[in-house]
Protein chains: 2
Amino acid sequence: MIENNETIPESNDSIDRLIHEPARLKIILYLYVVESADFVYLLRQTGLTKGNLSAHLQKLEHNGYVEITKEFLNRIPRTLISLTERGKTAFEEYRVVIKEMLNY
Amino acid sequence: MIENNETIPESNDSIDRLIHEPARLKIILYLYVVESADFVYLLRQTGLTKGNLSAHLQKLEHNGYVEITKEFLNRIPRTLISLTERGKTAFEEYRVVIKEMLNY
DNA sequence: TCAAACAAGTTTGTAATGCAAACCGGTTTG
DNA sequence: CAAACCGGTTTGCATTACAAACTTGTTTGA
């Protein structure tokens, strides 16, 4: 039923939860400076477990924030990950939002 | 079932998830400037639903970040919420951590 | 007068999420 | 040629955020 005259929550939450999640924030921070990294590198840098990293990367990929390409480097698979333009922009916007919130 | 989490110091320089959650971050931001607010005020300011606000406040209270006192103002209940010293410190530390992270 | 509406929260049910263990296909090693 | 190893992915589980439903008490109004 329709009800309740409570304040309508502002749908404009503005914090991008996809980036906000600490594990993904870490990932993005690395990608932002490196421009391209492979799975193993991120694994070491972030300290996440493999499963965890894999899941987060897939989430980022599904949202178009990162691009994942797989290649073989003399028979060994190699997964390259890079921030897309969209991901880069989203991160920059996220940073602005947080900065304003915490005002510094 | 594992219980208890009293006073686990956020020792490491990792992100304090209790503050990091957007809904609670909002709450804390208001409390940080206002020093004391009532439930209804926070409700309007944050745009959260009542249930949601209630749950988050309880979580903050259980971790000693806020103090909740209930009083009656001519028969009407009034819930006052304020940041504790611990909460204030935690927030300031959180801000430093985020700042460092995003200010590479 | 008393029931219906309202106000201020709390509790409950559920869907989404993060996490690590288990798994998998291929490769190297002993 | 089996066992260990690598680079990931999938699965199962515990936690969480969220809003609906409920609760307790007060005001309104017919």
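Order of the sequence lines fixes the chain letters, A, B, ..., with proteins taken first and strands second; residue numbering starts at 1 for each chain.
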Atom pair distance, as rounded to whole Å: CD1 in B:I76 and P in C:dA7
10 Å
Give me, pair by pair, the N or O atoms of the protein and of nucleotides 16-18 of chain C that are less than 3.5 Å apart, along with how far apart they are.
residue, atom, partner, partner atom, Å
C:dG18, OP1, A:R24, NH1, 2.8
C:dG18, OP1, A:R24, NH2, 2.6
C:dG18, OP2, A:R24, NH1, 3.2
C:dG18, OP2, A:K59, NZ, 2.9

In whole angstroms, the gap separating P of C:dG26 from CZ of A:F72 amounts to 8 Å
By nearest heavy atom, map A:G51 and B:V40 onto DNA chain C; which one lands nearer the 5' end?
B:V40
Do A:L83 and A:L80 belong to the same hydrophobic cluster, where Ile, Leu, Val, Met, Phe, Trp and Tyr are linked whenever their side-chain heavy atoms lie under 4.5 Å apart, directly or via other members?
no
Please state how far atom CD in A:E61 lies from atom C1' in D:dG8, giving the value in whole angstrom units.
13 Å
B:R78 CZ - D:dT26 P separation (whole Å):
17 Å
Tell me the ring pair (Phe, Tyr, Trp, His ring centres under 6.0 Å) pairs involving residues 24-55 of chain B, sequence neighbours left out?
B:Y32-B:F91
If you assign each of A:P77 and A:A55 to its closest nucleotide in DNA chain C, which residue comes earlier from the 5' end?
A:A55
Please state whether the phosphate of D:dA17, meaning OP1 or OP2, lies under 4.0 angstrom from any side-chain nitrogen or oxygen of B:K26.
no
For A:L73 and D:dG8, what is the distance between atoms CG and C1' respectively, to the nearest whole Å?
16 Å
Value in whole Å for how far the C1' atom of D:dT23 lies from NZ of B:K70
13 Å
Under 4.0 Å between a side-chain nitrogen and a carboxylate oxygen: does that hold for A:K88 and A:E35?
yes
Please determine whether the number of non-hydrogen atoms from other residues, nucleotides or ligands lying under 6.0 Å from atom CD of A:E67 exceeds 12.
no
In whole Å, what is the span from the CG atom of A:L48 to the C1' atom of D:dG7?
15 Å
Nearest to the side chain of B:S54, heavy atoms from C-beta on, is which of C:dT11, C:dT27, D:dG8?
C:dT11
Give a yes or no on whether a salt bridge exists between A:E21 and A:K26, defined as a side-chain N under 4.0 angstrom from a carboxylate O.
no
Atom CG of B:L57 and atom P of D:dT16: how far apart are they, to the nearest Å?
17 Å
Any side-chain donor paired with an acceptor under 3.5 Å for A:D16 and A:H20?
no
Are A:L43 and A:V33 co-members of a hydrophobic cluster defined by side-chain heavy atoms under 4.5 Å apart?
yes
